[in-house]
**Q** 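The following block contains the structure, expressed as structure tokens.
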Amino acid sequence: MPELPEVEVVRRGLAAWVAGRQVMDVDVHDARSLRRHEPSPGSDPGNPADAPTQPDPTPFARGEDFRARLRGRTLQEPQRRGKYLWLPLDSADSALLIHLGMSGQVLVEDRAAAAEKHLKISLDLSARPGAPEQLRFVDQRIFGGMQVTRLIAADHASGAVPAPVAHIAADPFETAADPSADERLFRALRRRRSGLKRALLDQSLISGIGNIYADEALWRAGLHFARRTETVTRDETSRLLTAARAVMSAALEAGGTSFDSLYVNVNGASGYFSRSLQAYGQAGGECSRCAVDGRSAGVIQRAKFMGRSSYWCPVCQPRPRNGRW
DNA sequence: TCTAGAACCTGTGTGC
DNA sequence: TGCACACAGGTTCTAG
């Protein structure tokens with residue numbers, strides 16, 4: 001499942017293979033992967049001047065507009081915020097925005113390579129010696145997608161960001177060198193009235209964290225997923241941020257987490273971090289930290305939370321009583 | 001205004 | 001063997 005480390009692996013692949021190349025042609029095989037693409041003249045839903053030319057464009061019109069706005073453009077150095085990835089276009093005011101959703105893949109392949117079963121969009125790129133000619137977007141569950149969108153100034157960014165990304169908060173890597181980041185997150189959590197994991201998954205609060213790394217960061221920090229945000233301390237917030245950075249750095253080094261063929265890098269290779277997971281997917285297994293500490297080892301539990309699975313150790317991540325400790 | 005849950009989507013695994 | 005159902009989860013929308 002692509003979260004921040006997996007998206008960063010893809011971004012690095014695109015930087016190596018795609019940046020600086022011109023889009024010669026575009027094939028939209030399934031316009032459902034363009035459902036967030038708004039036809040010209042703009043894609044900023046908050047700007048009346050950028051209202052779509054049609055209130056509900058047909059899939060065909062969406063695909064034609066997407067194609068027209070990419071053909072002949074040169075793709076610039078790929079950028080990332082949280083789980084969003086974009087390639088600025090040489091027009092300087094717009095970008096090709098990509099979200100992988102749950103099962104999206106961005107592949108760089110030869111044009112002659114057989115089409116993947118769930119191939120949604122393909123871009124023919126200008127020739128470069130030794131480099132494949134095609135950029136492909138493959139998506140089994142169609143939660144991800146591509147769109148061409150305007151770049152706008154963002155107050156927390158060093159440069160412009162696509163309009164749909166403007167509400168996304170900085171990710172744990174972006175704030176690693178910012179000494180005030182822990183305090184900002186602490187105050188934001190205290191203002192909330194929800195469970196800690198729900199807050200971690202809110203991309204407008206902190207970005208890049210999904211279900212897997214939320215469980216891993218909470219395990220490392222020794223905090224229960226249902227802990228109320230209004231009760232967390234500064235120390236616990238710092239522990240959580242440090243844990244999130246550590247687990248995602250380790251995942252990045254391992255090439256990301258691949259449980260099946262749903263996540264691969266641009267060359268089609270899987271990551272290996274699934275072997276290092278301590279909580280997520282480990283239900284029934286002994287907690288490695290409890291065993292090392294010499295305490296009676298807890299057994300990793302699984303519970304439904306927010307319509308998805310959460311994993312935790314009942315010994316070192318005790319469940320809060322009545323929402324508090 | 002904020003929180004929580006539903007909907008979107010399809011391949012895989014399980015039970016009958 | 002074939003069918004029905006549950007499950008996986010990131011984002012957006014809607015109801016309360």
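Chain letters run A, B, ... following the sequence lines, proteins first, then strands; residues in each count from 1.
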**Q** Set out, in order, the CA-CA distance, both residues' side-chain angles and the distance that settles side-chain hydrogen bond (donor to acceptor under 3.5 Å, both in side chains) for A/S194 and A/R198, then state yes or no.
**A** CA-CA 7 Å; A/S194 69; A/R198 179 181 289 278; 5.3 Å; no
**Q** Rounded to whole angstrom units, what separation is found between the CZ atom of A/R81 and the P atom of C/dG10?
**A** 19 Å
**Q** Which whole-number value in Å describes the distance from A/M306 CE to B/dA6 C1'?
**A** 12 Å
**Q** What's the CD1-P distance between A/I142 and B/dT10, to the nearest Å?
**A** 4 Å
**Q** Rounded to whole angstrom units, what separation is found between the CG atom of A/D215 and the P atom of C/dG10?
**A** 10 Å
**Q** Which comes earlier along DNA chain C counting from the 5' end, the contact point of A/Q203 or that of A/R141, where each point is its nearest nucleotide?
**A** A/R141
**Q** Between A/E216 and A/R220, does any NZ, NE, NH1 or NH2 come within less than 4.0 Å of an OD or OE carboxylate oxygen?
**A** no
**Q** Any N/O pairs under 3.5 Å between the protein and nucleotides 4-7 of chain C? List them or say none.
**A**
none

**Q** Just verifying a value: how many Å separate A/K197 NZ and A/F305 CZ, rounded to the nearest 0.5 Å?
**A** 7.5 Å
**Q** Nucleotides 1-3 of chain B: which of its N/O atoms have a protein N/O under 3.5 Å away?
**A**
| residue | atom | partner | partner atom | Å |
| --- | --- | --- | --- | --- |
| B/dT3 | OP1 | A/R193 | N | 2.9 |

**Q** Can a side chain N or O of A/R32 be found less than 4.0 Å away from OP1 or OP2 on B/dT10?
**A** yes
**Q** Between B/dC9 atom P and A/K120 atom NZ, what is the distance in whole Å?
**A** 11 Å
**Q** Using the closest heavy atom to pick a nucleotide of DNA chain B for each, name whichever of A/H118 or A/R35 lands nearer the 5' end.
**A** A/R35
**Q** When we call it a touch if two heavy atoms are under 4.0 Å apart, what does A/F305 touch: a base, just sugar-phosphate, or nothing?
**A** nothing
**Q** Between A/M102 (CE) and B/dT12 (P), how many Å, whole number?
**A** 13 Å
**Q** Is the number of heavy atoms from other residues, nucleotides or ligands under 6.0 Å of A/R35 CZ greater than 12?
**A** yes
**Q** Side chain to side chain contact (heavy atoms under 4.5 Å, CB included) with A/A250: which residues, sequence neighbours excluded?
**A** A/F273
**Q** Roughly, in whole Å, what's the span from CG in A/L85 to P in C/dT11?
**A** 13 Å
**Q** Side chain of A/R308, base of C/dG10: donor and acceptor closer than 3.5 Å?
**A** yes
**Q** With side chains defined as the heavy atoms from C-beta onward, is the minimum distance between A/D25 and A/R67 less than 4.5 Å?
**A** yes
**Q** Roughly, in whole Å, what's the span from NE2 in A/H167 to P in C/dG10?
**A** 14 Å
**Q** Hey, are A/D171 and A/K83 close enough for a salt bridge, meaning a charged N less than 4.0 Å from a carboxylate O?
**A** no
**Q** With a 4.0 Å cut-off, would you call A/R128 and A/E133 a salt bridge?
**A** no
**Q** With no hydrogens and no angle check, is any side-chain donor or acceptor of A/T229 less than 3.5 Å from a backbone partner on A/R190?
**A** no
